[in-house]
There are 2 protein chains.
Amino acid sequence: MKSQQPAQVSRDSALSLWVVLARAFDSVERHSRASIARFGLGATEFGVLEVLYHKGELPVCEVRRRILVESSSTTYVVDKLVDRGLVQRRPSGTDRRVILLELTPRGRKLIGRIFPPHAAVIRHAVGALSARQQAQAVRLLRALGIGAAARLKNPQANEDRRHPNRDLP
Amino acid sequence: MKSQQPAQVSRDSALSLWVVLARAFDSVERHSRASIARFGLGATEFGVLEVLYHKGELPVCEVRRRILVESSSTTYVVDKLVDRGLVQRRPSGTDRRVILLELTPRGRKLIGRIFPPHAAVIRHAVGALSARQQAQAVRLLRALGIGAAARLKNPQANEDRRHPNRDLP
DNA sequence: CCCTAATTGTTCGAAATCGAGATATTTGAC
DNA sequence: GTCAAATATCTCGATTTCGAACAATTAGGG
């Protein structure tokens, strides 16, 4: 059924890594989305509620960093949560550019009720790895994420510092 | 200023794994999107071209599985590529439900030109891990992705088969 | 102090993606 | 052979997300 293999994909661990990273993310995200949809929320809305639940009052920009969407999308999602009475905005006293976000009592009650079953779904979704494997994956993915983020800002970031000449032409 | 810490996030390797997985995916994806945008393509459009480049002619459903979007989005993206003369549709001879997708000469030329520099970007993006670490991450993420996908279809899939009682109440 | 650069949050229009069907075809049970 | 279930693709409307602009504010260097 598979006709040919014109390029050298299988041998390239970097490209393989990107493929399996995307696939793993997609599969786990499907669990997450389905779990969150049970409660009539979108994944990003849930993310806002969760970060405020765990971190308390935060500026919009700080929430944005944690839910991994652009700032315009953050405004859109926060608007919806404010309309539903789950989140409230409050100007910061010290910096007049900043708007602080905070759960309303209703929002806190909601997220407090739905977070535990959602966490159970995530645990189940990643349950193919043992606790030890999960810890190892966390270490690797943390290094990968931090490194990739650093290279976004500083394109020639520490390439080949610790593992030289892997793929010379 | 931070009011409380109601839940036990830091200790839960499963939830940590989900967080770092999402972050790592996001960071690498930003490299990928920026690289692809250089060539005037969207990430999903690039995905279609790339899978056809590496696998040859494929049914729509097969392309869909590999680019990780819903079937309606697949139609949308393929339409755009057909309009741009990069991909062509062809009815399958053996199954009249199936439409086969194939690169046009122009599409093949384009992806052949842009894939190598894009691959270099991906290698750079994941360069924080050594080749050995990349291979290890591939193993773990493959198992994670396969397990999570299996649990989507079969919700009570092999939980705690090899690593018992991890999170009893 | 002042001017520029950077940061914060928002608005607006466009693009991408989804979800629920509709349609056509194939497969499989009987 | 026939009919129900499964599969493949597409249509259409709605939702989500982005990107580019913008105003307000703060930070930093000279």
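Sequence lines set the chain letters: A, B, ... in the order given, protein chains first and strands last, and positions in each chain run from 1.
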Where the side chain of B:D95 is concerned, which of D:dT17, D:dT25, C:dT26 is the nearest nucleotide? C:dT26
5'-most by nearest nucleotide on DNA chain C - A:V98 or A:R33: A:V98
Interatomic distance where CG belongs to B:L68 and P belongs to C:dT17 [whole Å]: 11 Å
CG of A:L81 versus C1' of D:dT15: gap in Å, rounded? 15 Å
Grab the CZ-C1' distance between A:R30 and C:dG19 for me, whole Å please. 13 Å
On DNA chain D, more 5' by nearest nucleotide between A:S71 and A:R96 is A:S71
Please determine whether a side-chain nitrogen or oxygen atom of B:R89 lies at a distance below 4.0 Å from atom OP1 or OP2 of D:dC10. yes
Under 4.0 Å: is that the gap between some side-chain N or O of A:R65 and OP1 or OP2 of C:dT8? yes
Proximal nucleotide (of D:dT11, D:dA8, C:dA15) relative to the B:D79 side chain: D:dT11
Closer than 4.0 Å, any side-chain N/O of B:S72 to the OP1 or OP2 of D:dC10? no
To the nearest Å, how far apart are B:R97 CZ and D:dT9 C1'? 10 Å
Kindly say whether B:D26 contributes a backbone atom to a donor-acceptor pair with the side chain of B:E29 at under 3.5 angstrom? no
Under 4.0 angstrom between B:K80 side-chain N/O and C:dA16 OP1 or OP2: yes
Rounded to whole Å, how long is the line connecting atom CG of B:L41 with atom P of D:dC18? 19 Å
Phosphate contact (C:dT17 OP1 or OP2) by B:S73 side-chain N/O below 4.0 Å: no
B:E45 with B:R84: basic N within carboxylate O range, under 4.0 Å: yes
How about B:F39 and B:H118: are their ring centroids closer than 6.0 Å? no
Charged N-O contact under 4.0 Å between B:E50 and B:R66: no
Between B:E70 and A:R30, is there a salt bridge with N-O shorter than 4.0 Å? yes
Below the 4.0 Å mark, does D:dT17 have OP1 or OP2 next to a side-chain nitrogen or oxygen of A:T44? yes
A:E70 atom CD is separated from C:dT10 atom C1', nearest whole Å, by 14 Å
Let's see if you can work this out: which of D:dT16, D:dC10, C:dG9 has an atom nearest to the side-chain heavy atoms of B:T75? D:dC10
Separation of atom CZ in A:F46 from atom P in D:dT16, rounded to whole Å: 16 Å
In whole angstroms, the gap separating C1' of D:dT17 from CZ of A:R64 amounts to 13 Å
On DNA chain C, compare the nucleotides closest to B:Y76 and A:L100; which residue's is nearer the 5' end? A:L100
